[in-house]
Amino acid sequence: SEISIDLQAFDTDSLKSRIGELGGIFDLETLQSKQSELEEMMSATGFWDDNDRAAKISGEHATAAKKITLFEDLTNRVSDIDDLVEDTML
């Protein structure tokens, strides 16, 4: 069976707006800043001398990186949908 989607009825502006709201909810700027800060800590000489502290910081970094990646992937997918909708309107 074939699935049909009316792309012209797709409201990508609304999606972009909601994603912008999500960026605020997830506090993307703070997450990105925290990720950079953690990366600096992880690259410091002697970082692994304290295994417990290193594991905690590495875990925090992985969590921040995952949230940032998920948000960026979502933003890219909506952009792709927006491009597709624009292409169908030509």
Partners meeting side chain to side chain contact (heavy atoms under 4.5 Å, CB included) with Asp83 (sequence neighbours left out): Ser79
Between CG on residue Leu28 and OG on residue Ser33, distance to nearest 0.5 Å: 11.0 Å
Below 3.5 Å, can you tabulate the donor-acceptor pairs from side chains in residues 56-71 to any protein atom, sequence neighbours excluded?
{"from": "Ser58", "atom 1": "OG", "to": "Ala54", "atom 2": "O", "distance (Å)": "2.9"}
{"from": "His61", "atom 1": "NE2", "to": "Glu39", "atom 2": "OE2", "distance (Å)": "3.0"}
{"from": "Thr63", "atom 1": "OG1", "to": "Gly59", "atom 2": "O", "distance (Å)": "3.0"}
{"from": "Thr69", "atom 1": "OG1", "to": "Ala65", "atom 2": "O", "distance (Å)": "2.9"}

Smallest separation among heavy atoms of Arg53 and Phe47, with atom names: NH1-CD1, 4.3 Å
